[in-house]
Chemist: 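Below is a structure I'd like to ask you about.
Position 1 is the first residue of the sequence, and the numbers go up from there. Just follow the structure's listing: the first ligand is 1, and inside any ligand the first atom is 1.
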Amino acid sequence: MGDADKLKITIDREGCIGDGACCNDAPETFEMDDDDIAVLKDPVGDDRDTVLEAAQNCPTDAIKVEDTATGEVLYPEG
Ligand code: SF4
């Protein structure tokens with residue numbers, strides 16, 4: 001289990017193009033569903049940096065990551 005327990009991770013199903021990149025970057029956090037759309041497998045499966053890296057590498061910025069303690073949107077920025 002990672003240390004991503006303070007993160008709220010949201011996946012935009014409309015934005016996901018199903019390339020599976022997030023599942024490669026953070027395989028304990030994301031998985032593909034039967035429609036080839038990414039879903040949360042375990043929100044605390046990987047560490048925080050790994051989740052953020054996966055969000056940054058998503059080609060469509062379909063993954064939103066918020067800090068539940070501060071409410072800050074960590075990704076996408078700005
Ligand atoms: S990286 Fe983004 S587009 Fe690719 S499967 Fe994950 S959520 Fe979907």
Side-chain angles (χ1 to χ4, degrees):
M1 185 163 135
D3 65 352
D5 54 322
K6 304 263 186 330
L7 298 179
K8 179 183 175 191
I9 304 163
T10 316
I11 302 162
D12 174 12
R13 291 185 64 83
E14 303 295 316
C16 176
I17 59 170
D19 69 345
C22 55
C23 303
N24 289 329
D25 287 341
E28 300 305 320
T29 304
F30 302 99
E31 63 185 358
M32 304 308 286
D33 71 6
D34 292 341
D35 296 321
D36 273 340
I37 301 294
V39 292
L40 269 184
K41 175 182 180 182
D42 178 357
V44 293
D46 293 289
D47 64 33
R48 187 181 174 102
D49 288 345
T50 301
V51 172
L52 281 171
E53 183 182 349
Q56 287 159 5
N57 287 340
C58 173
T60 62
D61 281 351
I63 301 169
K64 182 178 180 182
V65 184
E66 296 167 81
D67 187 314
T68 53
T70 65
E72 180 187 1
V73 177
L74 302 174
Y75 198 85
E77 297 164 343

Chemist: So do the side chains of V39 and F30 get within less than 4.5 Å of each other, counting heavy atoms only?
Modeler: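 Side chain of V39 against side chain of F30, heavy atoms only: no contact under 4.5 Å found.
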Chemist: Could you check if a side-chain atom of D33 sits within less than 4.5 angstrom of a side-chain atom of R13, using non-hydrogen atoms only?
Modeler: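 Side-chain contact under 4.5 Å: yes.
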Chemist: I need the minimum non-hydrogen distance between C16 and A62, along with the two atoms involved.
Modeler: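 Taking every non-hydrogen atom into account, N-CB, 3.9 Å.
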Chemist: Which atom names give the shortest non-hydrogen contact between T68 and L7, and what distance separates them?
Modeler: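 In terms of heavy atoms, the two residues are closest at CG2-C, 3.9 Å.
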Chemist: Could you please give the number of protein N/O/S atoms within less than 2.8 Å of atom 2 (Fe) of ligand 1?
Modeler: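 There are 1 of them.
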Chemist: In chain order, what residues pass the salt bridge (charged side-chain N to carboxylate O under 4.0 Å, His left out) check against K6, with sequence neighbours excluded?
Modeler: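 Listed in chain order: nothing, the list is empty.
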Chemist: Would the number of heavy atoms belonging to other residues, nucleotides or ligands and lying under 6.0 Å from NZ of K64 be above 12?
Modeler: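 No, the 6.0 Å shell around NZ holds no more than 12 heavy atoms from other groups.
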Chemist: Within ligand 1, which atoms have a heavy atom of G20 less than 4.0 Å away?
Modeler: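 Numbered from 1, ligand 1 contributes 4 (Fe), 5 (S).
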